[in-house]
Amino acid sequence: MLMGEYEHSLDAKGRLIMPAKLRQDIGEKFILTKGLDGCLFAFSTQEWINFEEKLKSLPLSDKNARSFVRFFLAGATECEIDKQGRFLIPNNLRVVAGLEKEAVIIGVGTRLEIWNKDTWLKCDEDISAEEIAENMANLGI
């Protein structure tokens with residue numbers, strides 16, 4: 001399971017270190033794409049296949065479904081971890097997430113999220129565990 005929070009800096013070429021604790025679960029090759037809330041999503045190959053299956057099941061006749069599929073697939077790219085434990089974040093995805101220097105990688109179970117450090121700190125600050133817990137009953141938790 002992907003979990004934890006890790007801070008790293010991007011190098012001048014846009015490469016980021018994949019924390020050693022996450023490498024085994026995410027794999028040497030993984031899929032990186034635009035995420036929600038201003039971050040990037042990284043999926044292991046198997047999790048990406050599962051996610052793709054869900055996207056394929058959406059009705060082509062629904063405009064929102066088509067937009068949702070485009071959002072995730074248009075910017076998706078396969079990344080590979082090099083011998084130094086780094087991977088390249090393509091420029092278009094760095095721009096989407098506002099990644100310039102400082103980044104935070106967080107594990108959220110089935111995927112990783114890669115955040116601009118300042119954006120993550122603001123998002124994390126806005127999280128109210130009590131408020132979220134109250135709403136989880138609607139999801140059966």
Side-chain angles (χ1 to χ4, degrees), residues 1-60 62-141:
M1 175 178 280
L2 297 164
M3 59 186 178
E5 180 177 326
Y6 308 86
E7 291 184 26
H8 289 284
S9 297
L10 278 84
D11 68 13
K13 295 181 180 179
R15 294 175 298 197
L16 187 62
I17 291 174
M18 178 63 71
K21 290 183 179 182
L22 300 175
R23 284 182 208 155
Q24 184 173 356
D25 288 335
I26 197 72
E28 292 299 312
K29 291 184 180 182
F30 59 93
I31 305 300
L32 187 66
T33 191
K34 293 181 280 187
L36 303 172
D37 304 314
C39 69
L40 302 177
F41 286 173
F43 295 91
S44 69
T45 303
Q46 186 56 55
E47 284 300 331
W48 179 254
I49 291 168
N50 296 343
F51 185 61
E52 268 187 330
E53 289 303 315
K54 291 176 185 175
L55 293 177
K56 287 178 188 175
S57 72
L58 295 173
L60 190 59
D62 185 296
K63 183 176 174 32
N64 288 327
R66 290 192 310 271
S67 294
F68 191 73
V69 170
R70 278 187 210 112
F71 177 81
F72 287 110
L73 294 181
T77 187
E78 184 178 71
C79 292
E80 188 169 0
I81 298 173
D82 68 16
K83 290 180 184 359
Q84 287 78 39
R86 304 168 301 186
F87 63 97
L88 177 66
I89 301 175
N91 188 57
N92 64 316
L93 292 178
R94 289 195 311 267
V95 169
V96 165
L99 295 170
E100 295 174 9
K101 190 67 180 158
E102 299 298 316
V104 178
I105 301 174
I106 63 170
V108 290
T110 59
R111 69 177 186 279
L112 298 176
E113 294 181 352
I114 302 171
W115 292 81
N116 165 292
K117 183 179 177 180
D118 293 334
T119 305
W120 168 246
L121 291 174
K122 173 80 172 97
C123 180
D124 192 38
E125 182 180 286
D126 291 343
I127 295 172
S128 165
E130 293 78 15
E131 215 174 285
I132 293 169
E134 287 176 15
N135 293 317
M136 291 291 87
N138 296 334
L139 297 175
I141 296 176

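Quick caveat: nothing in here was measured; it's all calculated off a predicted structure.
Each of Asp82, Ile81, Ile114 was evaluated against Met18; a single residue qualifies, Ile81, per the side-chain contact (heavy atoms from CB on, under 4.5 Å) test.
Counting only heavy atoms from C-beta outward, the side chains of Leu40 and Arg111 never approach each other to under 4.5 Å. Counting heavy atoms from C-beta on, the side chains of Gln46 and Thr110 never come closer than 4.5 Å. Using a 4.5 Å cut-off on side-chain heavy atoms (C-beta onward), Val108 and Phe41 make no contact. Annotation: side chain of Cys39 is not in contact with side chain of Val104 (no heavy-atom distance under 4.5 Å). In this structure the side chain of Asn92 never reaches within 4.5 angstrom of the side chain of Val95, judged on heavy atoms. The closest side-chain heavy-atom distance from Lys101 to Leu10 is not below 4.5 Å. Annotation: side chain of Phe71 is in contact with side chain of Leu36 (closest heavy-atom distance under 4.5 Å).
With a 6.0 Å radius and a threshold of 12 heavy atoms from other residues, nucleotides or ligands, Gln24 has its CD atom at or below the threshold.
Using modelled atom types, one side-chain atom of Thr33 and one backbone atom of Phe72 make a donor-acceptor pair closer than 3.5 Å.
Distance check: Leu112 CG to Leu2 CG gives 4.5 Å after rounding to the nearest 0.5 Å. Arg94 contributes atom CZ, which lies 10.5 Å from atom CG of Leu16 (distance to the nearest 0.5 angstrom). Atoms CD1 and OG1, from Ile26 and Thr45 in turn, are 8.0 Å apart once rounded to the nearest 0.5 Å. Note that CH2 of Trp120 is 3.5 Å distant from CD1 of Ile106, once rounded to the nearest 0.5 Å. Note: Phe43 CZ to Asn50 CG = 10.0 Å, rounded to the nearest 0.5 Å. Leu22 contributes atom CG, which lies 12.5 Å from atom CD1 of Ile17 (distance to the nearest 0.5 angstrom).
Taking the six-membered ring where tryptophan is involved, the planes of Trp48 and Phe51 are tilted, since the angle between them lies from 30° to 60°.
Legend: salt bridge (Lys or Arg N to Asp or Glu O under 4.0 Å) pairs involving residues 33-54, not counting sequence neighbours, sorted by first then second residue: Glu53-Lys56.
Listed here is the closest heavy atom pair of Ala97 and Asn116: O-CB, 3.5 Å. Listed here is the closest heavy atom pair of Cys123 and Trp115: SG-CH2, 3.9 Å.
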